[in-house]
Amino acid sequence: MQYDIAAIVQGYAQGYFLMADDSDRLGWYGSRDRTLIPLDERFRYPKSLQRVLNQERFTVAINRDFEAVVAGCSNRETTWISPELEEIYWLLYQKGYAYSFETWQGDELAGGILGIVIGGAFIGESMFYRITEGSKVAMVKLVERLRQRKFVLFDAQMMNPHLERFGAYRIGDEEYQALLKQALQRRCLLV
C-alpha cells in the first residue's frame, strides 16, 4: 500500500494523530484537550525512580531497535497500533520523523517510547517496558534530551495516571495549537 508521508506529517503538524479502531481501521483523531509532559520545572518523578537512575542500571539509545519498540508498544490486549499503523511508523522512521527512545539493560531492550518529531515538537505515540522501570527511565532521559535540544513541547496526547505522576497536564486546543505553531518554527534534532 502507498502512503503519502508528507500528508501524514501535515496531519500531525495540524494537531491530529492516527489511531486504529477495534476493527483495525485507521483514522485521524483530534482532541479538545491535550496532555503535555512538562519540559520545565513542573516535570517530576517518584523518589524511588531517582534511586534507579542513580544505580545506572540502564543505558539509553535512540533508534537502536526501532521495530522492537513499535512491536513492544503494540503488543498489548487493546492497542490502537494496527499492522497498517506499524507500517506507517516504519515509513516515518525511514524519512526521519519517527523515533524510538530506548532503555537497555546490557543487550536486552528494557523499554521505550515511540514518538514523532516535527520541528520542536515531540509527539509521543506510545511507550512500553519489558523490565520494570524501563519506560520510566526512558521518560526521564527523554525529557532531559528534549530540554537539551530546545524542544518546545512533548505531546503525550491523552492523560493517564502513569503520566500524571510525571507532572503531565492538560491544555485546551487553542493553547495547544499556539504551542504547536511555535514548535513547528523550530528545527530541533533528537539525535
Exercise. Should we count CD of Gln148 as having more than 12 external heavy atoms under 6.0 Å?
Worked result: yes
For this session: State plainly whether one hydrophobic cluster holds both Leu142 and Val152, where clusters connect Ile, Leu, Val, Met, Phe, Trp and Tyr through side-chain heavy atoms under 4.5 angstrom apart.
Result: no
For this session: Mind checking the OG1-CZ spacing from Thr59 to Arg64? Nearest 0.5 Å is all I need.
Result: 6.0 Å
For this session: Could you tell me which non-hydrogen atom of Gly112 sits nearest to which non-hydrogen atom of Ala138, and how far apart they are?
Result: CA-CB, 4.5 Å
Problem set entry | Distance (rounded to the nearest 0.5 Å) between Leu91 CG and Ile5 CD1 | 4.5 Å
Exercise. Looking at side-chain heavy atoms only, is the closest gap between Arg34 and Gln157 below 4.5 Å?
Worked result: yes
Exercise. What are the two closest heavy atoms between Ile62 and Leu190, and how far apart are they?
Worked result: CD1-O, 3.7 Å
Exercise. Between atom OH of Tyr3 and atom CG of Leu18, what is the distance when rounded to the nearest 0.5 Å?
Worked result: 10.0 Å
Seminar exercise, completed: In short, Val117 meets Cys188 closest at the heavy-atom pair CG1-O, 4.1 Å
Exercise. Is a donor on one side and an acceptor on the other found under 3.5 Å between the side chain of Glu86 and the backbone of Val70?
Worked result: no
Exercise. Hey, what do you get for CD1 (Ile8) to CH2 (Trp28), rounding to the nearest 0.5 Å?
Worked result: 6.0 Å
Exercise. Would a 4.5 Å heavy-atom cut-off, applied to side chains only, mark Ser48 and Lys136 as touching?
Worked result: no
Exercise. In Å, rounded to the nearest 0.5 Å, how long is the span from OH of Tyr169 to CZ of Arg42?
Worked result: 4.0 Å
Exercise. Is there a side-chain contact between Phe58 and Glu133 (heavy atoms, below 4.5 Å)?
Worked result: yes
Exercise. Mind checking whether Phe122 and Phe154 have parallel, tilted or perpendicular rings, split at 30° and 60°?
Worked result: perpendicular
Problem set entry | Test side-chain hydrogen bond (donor to acceptor under 3.5 Å, both in side chains) applied to Asn54 and Arg57, Arg51, Gln50, the passing residue | Gln50
Exercise. Is there a donor-acceptor pair under 3.5 Å between the side chain of Tyr16 and the backbone N or O of Ala13?
Worked result: no
Exercise. Side chains of Tyr129 and Val137: closer than 4.5 Å at any heavy-atom pair?
Worked result: no
Problem set entry | Any donor-acceptor pair under 3.5 Å from Gln177 side chain to Gln14 backbone | yes
For this session: Taking the side chain as every heavy atom from C-beta outward, state whether Ile116 and Phe17 have any atom pair closer than 4.5 Å.
Result: no
Exercise. How far apart are the closest heavy atoms of Leu53 and Lys141, and which atoms are they?
Worked result: CD2-CE, 4.0 Å
For this session: Check whether any side-chain heavy atom of Val9 lies under 4.5 Å from a side-chain heavy atom of Tyr12, and answer yes or no.
Result: no
Problem set entry | side-chain contact (heavy atoms from CB on, under 4.5 Å) assessment of Ile37 paired with Leu146 | CA-CA 11 Å; Ile37 304 293; Leu146 296 176; over 6 Å; no
Exercise. Under 6.0 Å from the CD atom of Glu56, do we count more than 12 heavy atoms belonging to anything else shown?
Worked result: no
Problem set entry | Derivation and outcome, side chain to side chain donor-acceptor pair (under 3.5 Å), residues Tyr93 and Glu67 | CA-CA 10 Å; Tyr93 163 75; Glu67 289 175 284; over 6 Å; no
Seminar exercise, completed: Residues Leu163 and Ala156: closest non-hydrogen pair is CD1-CB, 3.7 Å
Exercise. Under 3.5 Å, side chain of Thr79 to main-chain N/O of Ile81, donor-acceptor pair present?
Worked result: yes
For this session: Find out if a path of hydrophobic residues (ILVMFWY) with successive side-chain heavy-atom gaps under 4.5 Å connects Phe43 to Leu36.
Result: no
Problem set entry | Quiz item: cation-pi between Arg145 and Phe101, 6.0 Å / 45° | no
Exercise. Do Met139 and Arg165 pass the side-chain contact (heavy atoms from CB on, under 4.5 Å) test, and can you show the C-alpha distance, the side-chain angles, and the key distance before you say yes or no?
Worked result: CA-CA 11 Å; Met139 174 74 82; Arg165 290 178 33 210; over 6 Å; no
Exercise. Has the side chain of Arg186 got a donor or acceptor atom that lies under 3.5 Å from a matching backbone atom of Lys150?
Worked result: yes
Problem set entry | Value rounded to 0.5 Å, distance of CG in Asp33 from CD in Glu175 | 11.0 Å
Problem set entry | pair Ile131-Leu109: side-chain heavy atoms closer than 4.5 Å | no
Exercise. OH of Tyr97: more than 12 outside heavy atoms within 6.0 angstrom?
Worked result: no
Exercise. Is there a chain of hydrophobic side chains (I, L, V, M, F, W, Y, each step under 4.5 Å between heavy atoms) that links Val143 to Ile118?
Worked result: no
Problem set entry | Any Leu85 side-chain heavy atom under 4.5 Å of Ser82 side chain | yes
Exercise. Do Tyr99 and Phe128 sit in the same hydrophobic cluster, where Ile, Leu, Val, Met, Phe, Trp and Tyr count as joined when their side-chain heavy atoms come under 4.5 Å apart?
Worked result: no
For this session: Might you confirm whether atom CG of Asp40 has over 12 heavy atoms from other residues, nucleotides or ligands at distances under 6.0 Å?
Result: yes
Exercise. Would Met159 and Leu153 show up in the same hydrophobic cluster when neighbours are defined by side-chain heavy atoms closer than 4.5 Å?
Worked result: no
Seminar exercise, completed: Ser135 and Thr103 have their tightest heavy-atom pair at N-OG1, 4.5 Å
